[in-house]
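Written out below as structure tokens is the structure these notes cover.
Chain letters run A, B, ... following the sequence lines, proteins first and then strands; every chain starts at 1.
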Amino acid sequence: MMANEFKYIGKRISSPDTKDKILGKTKYTGDMQRHAMLFGKLVTSQKAHARVRINTARAWAVAGVRAVFTYEDVPKRPYNSNHWYPGLAGKEDELILHETARHVGDRIALVLGDTMEAAERGRQALIVEYEELPAVIGIKSAKERSVTVAGETNLCFETEFACGDVQSGFAKADFIIEDTGSTPKIHHAAIENHVCMAEVDTFGNLIIYSPCQVVFQVQHITARALNLPYYKIRVVKTDMGGSFGGKGMPVLEPICGFAAQKTGRPVKIIMDRMESIAATRTRNASSQRVKTGITKDGKIVAREIEIDFDGGAYLTNCAAIAVAAGKKAFRTYTIENQRYTGKTYYTHTTPGGACRGYGSPQVHAVSEININNAAAKIGMDPVDFRILNAVDPKEYAQGAVDQIGSPAIGNARIKDCLTKGKEQFRWQERMQTIKDKNSDRFAYGLGVAASAHGNGYHGAFPDFINVTMQIMPDGRVLVRAALHDLGCGTVLTMQQIAAEVMNIPPEQINVPQADTFLSPYDSAGTQASRVTFVCGGAVKEAAEALKKKMAVFYATAFGCTDAEVWFEDGKIGTESTEAMDYGSFATLCENKYQTTLKVDLEYKSKANPSVYSAAFIEVKVDRYTGMVEVEDILVVQDAGQVINQTLAEGQLQGGAHMSLGMALYEEMVYDESGALKTGGFAKYHIINAPSMPEVKTLFIEKGEPMGPFGAKSIGELAAVAPAPALMNAINHALGTNLTDYPATPERIIKALNML
Amino acid sequence: MNSNRFYAPETIQALTELLQQKKDKSDIYFVAGATDFLIDIKKQGIMDFTTIDLTHLEALQQIETRDDCIEIGAAVTMAGLEESPAIRSHATALAKAAATVGSTQIRNRATIGGNIAGASQSADTVTACLALGATVVLLNSGGELRELPLEEFILGIGLTQIKPDEVLIKIWIPVGSNAVHSGFAKVGSRKSVTISKINLAARIVFQDKYIAEATMYFGSIGTKAVRAADMEKHCIGREWNETLMAGLFELGSRQIDEAIPTRSSRPYKRIAVKGVISDVFDDIANQRGLI
């Protein structure tokens with residue numbers, strides 16, 4: 001619709017870094033080399049809860065080992081790795097190295113060697129003694145309180161959101177449908193494991209190279225941990241082999257910085273997969289209860305959602321996860337009376353952190369199965385039931401709020417997602433014939449799920465970004481902002497937005513990535529689905545301001561009015577004057593007006609609308625082996641306006657990959673002692689290529705008033721709806737009510753046996 | 001500081017000389033693709049070792065069809081087995097088993113010798129070779145050969161009869177008439193690149209419509225692949241049809257119950273066994289042109 005009017009927005013433009021990545025030319029942090037660089041090997045706890053004694057003497061004696069650090073050597077300055085800016089309130093309970101290990105994978109020592117091999121030999125030469133202590137593994141054990149991880153109780157955060165009168169809402173219900181279920185801890189499985197390089201420059205600045213999501217967070221945490229002035233810490237975001245939230249909280253940066261400072265030599269620490277799984281961050285596991293009251297004609301009159309989260313061994317995101325999940329419960333359906341209770345518990349397992357979707361995959365996991373059960377209760381089609389209860393778009397009004405006082409949902413197009421998806425998937429037709437495919441062995445089913453997510457921190461935390469945009473003498477445009485491309489094409493997105501406004505090809509726009517010494521301050525980094533909506537909005541506004549400034553100077557220089565000035569393919573001119581390229585005009589301005597063609601802008605996010613998606617799945621389940629095959633999947637997403645069609649489709653496909661994996665295989669399993677049974681990819685299974693279906697995609701593009709060119713977030717939401725849609729499809733195929741993720745073959749056979 | 005040694009003998013004589021060295025050392029390892037070895041050294045933190053690469057001996061890379069058997073060199077890769085016309089027609093179960101091991105990249109490097117000598121309880125080619133009645137041939141440091149039925153060779157998880165100065169060089173699979181068929185199936189955690197939770201191989205000899213001989217092995221339900229004696233017996237004299245399959249389902253589940261009575265995986269495997277039986281059934285029925 002609108003896309004046709006655009007020159008670059010919505011187009012299929014390939015990302016400039018793609019070719020290098022495919023050819024193996026991209027230089028990642030792991031490829032970085034420095035003269036006299038030391039290689040660091042982290043030593044992590046093998047026990048879930050233990051006082052650790054480390055005899056380092058033998059390690060020091062290993063040839064090539066240059067240093068061994070334990071808790072005795074590091075500053076006792078606690079930090080909270082979740083704090084992305086100094087204004088956050090949560091307790092600081094983490095140290096660079098710990099004397100008492102709180103989870104398998106907790107950092108207990110660091111060995112530095114001239115080579116990787118020397119460091120590894122040093123690690124093997126350490127004598128680590130564990131004085132084991134009782135461990136709290138899993139939410140159930142945390143609630144029993146027989147042992148506490150920290151403080152008096154394992155409950156480390158509690159929140160409630162509510163609207164209407166839940167009790168009287170349920171009183172009006174003809175039917176009440178209740179479900180309990182759970183979601184596991186999940187590893188992000190970025191192809192690049194965690195890695196960091198640090199060195200001290202000639203001015204005594206500590207430089208940290210990290211494939212991170214928030215440079216200013218790394219700076220803040222490192223300043224806290226090492227007691228350094230912020231301005232002495234330079235954090236450079238490096239090219240990244242995937243994050244998905246996993247590299248959001250600094251894990252290696254403080255210790256790598258410490259080691260570089262202490263030794264005076266560059267230090268690089270690379271984790272292996274086992275460490276990335278056990279010693280970084282995970283999606284928070286959850287245990288849930290969902291209760292929905294409906295009338296006999298299908299209207300939801302009340303709902304109650306209670307979720308307990310496994311926060312892991314340190315405080316990290318215990319508050320954020322419970323809050324983020326809860327808010328999403330109030331955005332998809334119009335439910336007048338609803339209450340959400342979120343509680344987070346400490347456990348002796350890997351700490352929780354951001355993971356694509358941040359709470360949305362959890363809050364939709366069981367509630368979307370429960371919605372299906374509610375529809376089934378009155379014999380209503382699950383898509384129609386959702387359409388009947390789904391929210392309508394709201395006109396944008398400054399300061400408008402949703403049911404619980406969060407920013408308004410905006411141009412919410414969930415109904416379009418469901419209606420268009422139903423049509424394109426031929427849902428009704430398939431529903432009538434799907435069971436004809438069944439055999440003794442194979443059962444077929446259809447599933448649908450809806451989901452919602454946000455656009456940044458507006459309404460909750462500071463959400464602003466500074467942008468400097470400048471015309472260079474060669475006519476190219478430099479955009480300085482603390483942006484972090486996590487691999488999803490952030491840089492290209494910004495190039496396209498700037499290119500559209502500036503009327504210049506995207507490759508002429510240079511968007512260097514975040515560097516605390518070079519990028520102007522940004523309040524929140526590349527997280528919370530804020531980048532396209534907030535940072536993209538900032539780039540658009542900066543470009544518009546720059547254009548305006550150029551028009552004014554041009555009008556002055558050539559004696560015309562601003563309104564006469566046009567911009568076309570990197571040239572500025574008017575009907576009656578000679579056109580010149582942007583670079584020459586910048587030089588003209590420098591000569592004539594002693595000025596830089598540049599704009600500095602602090603952009604504050606104005607809104608935080610919802611984004612929506614619906615997933616439709618056909619599944620084939622083997623009743624003998626419990627194996628599941630996704631026969632067909634369509635994801636429909638309310639994107640406002642797609643900036644790059646190829647990148648957007650890629651997000652939906654990749655998101656589906658993670659979400660389907662959550663429904664089928666992905667699960668970090670701890671035994672009773674807290675040992676991680678799924679420590680590597682031999683046991684921790686993600687969906688591989690032969691099992692991955694082709695994901696069909698469809699975008700609803702009806703524009704979001706406050707987003708750049710109408711755009712809103714895509715990538716995180718993409719990892720939400722496919723999982724419950726797949727669970728619903730499996731349950732439809734088998735007549736089961738599976739609500740515990742993942743639906744492993746064992747769980748499927750067990751559920752069949754119980755029918 | 002790195003003290004690793006790597007040998008790649010090209011002749012049997014060179015190999016026997018290395019076997020003499022290996023005799024009383026514990027840090028010398030055979031590799032024939034190294035797909036297990038790389039994982040093992042990382043897991044166990046082994047940094048100082050010597051490897052003898054078996055993939056440069058031409059004699060170990062051949063598949064030869066003899067009058068009464070197929071002789072498979074220990075360094076034949078999974079991909080080589082999967083693609084060999086001789087294996088596909090005379091040892092179908094083995095071709096199928098090889099085709100389901102790991103990923104394409106793994107199958108291009110992993111070898112039958114490594115899979116057998118590694119003696120994992122889940123090794124797919126072991127189950128197939130057992131059903132096919134394979135014999136292994138070992139070479140010692142004196143240049144002598146020792147033949148041993150595979151059933152005797154494998155003792156348990158990672159345990160075999162191999163002596164410190166011996167190396168597995170060949171596998172013999174007996175060849176029968178056109179009436180001999182074999183099949184293989186497995187169930188893992190996912191469709192491919194997966195370790196068997198249970199696998200099944202069967203060798204069936206038909207006389208007209210009826211089953212004259214049956215050999216069946218289950219892998220991954222004990223410390224080594226085990227014979228499905230009751231299922232074998234049940235087949236004799238019967239036709240290869242749905243009724244037979246239903247009977248095998250019941251016997252298969254019963255065997256799982258008896259094999260792993262206390263394991264938490266029992267409730268799953270006693271049902272999943274129907275999946276592998278059904279797949280092997282279809283496989284052989286297809287070969288017979290029955291479906």
More than 12 heavy atoms of other groups within 6.0 Å of [X] [atom1]:
X	atom1	result
B:E239	CD	yes
B:R88	CZ	no
A:I191	CD1	no
A:K677	NZ	no
B:R109	CZ	no
B:I195	CD1	no
A:M692	CE	yes
B:Q44	CD	yes

Item to check | Expected output: side-chain A:Y624 to main-chain B:I277 donor-acceptor under 3.5 Å | outcome: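 Side chain of A:Y624 to backbone of B:I277, a donor-acceptor pair under 3.5 Å: no, none is there.
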Checklist entry - When you measure from the side chain of B:R190 to the backbone N and O of A:I686, does any donor-acceptor pair fall under 3.5 Å? => result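 The answer is yes, because a donor-acceptor pair under 3.5 Å joins these two groups.
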Item to check | A:D622/B:K191 under salt bridge (charged side-chain N to carboxylate O under 4.0 Å, His left out): CA gap, chis, key distance, verdict | outcome: CA-CA 12 Å; A:D622 187 335; B:K191 195 161 72 176; over 6 Å; no
Below 4.5 Å from any heavy atom of chain A, which atoms of [X] appear? Answer side chain, backbone, both or neither.
X	result
B:K269	neither
B:V193	both
B:S103	neither

Any heavy-atom pair between the side chains of [Y] and [X] that's under 4.5 Å?
X	Y	result
A:E746	B:I271	no
A:N688	B:S192	yes
A:T744	B:Y268	no

Checklist entry - Do you know which of B:P267, B:S189, B:G45 has the most heavy-atom pairs with chain A at a distance under 4.5 angstrom? => result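 Among B:P267, B:S189, B:G45, the one with the most close pairs to chain A is B:S189.
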Checklist entry - A:R123 versus chain B, heavy atoms under 4.5 Å apart: side chain, backbone, both or neither? => result neither
Item to check | salt bridge (charged side-chain N to carboxylate O under 4.0 Å, His left out) evaluation trace for A:R441 with B:D282 | outcome: CA-CA 13 Å; A:R441 181 169 178 179; B:D282 287 349; 5.2 Å; no
Checklist entry - Would B:K274 and A:D440 pass as an ion pair if we require N to O under 4.0 Å? => result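 Between A:D440 and B:K274 there is no salt bridge, as every charged N stays at least 4.0 Å from the carboxylate O atoms.
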Checklist entry - Which value, rounded to the nearest 0.5 Å, describes the distance between B:M47 atom CE and A:Q124 atom CD? => result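 So the gap between those two atoms works out to 6.0 Å.
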Next on the checklist: For a quick test of reading the model, state the closest non-hydrogen atom pair linking A:M627 to B:G188 and the distance between them.
Outcome noted: SD-O, 3.6 Å
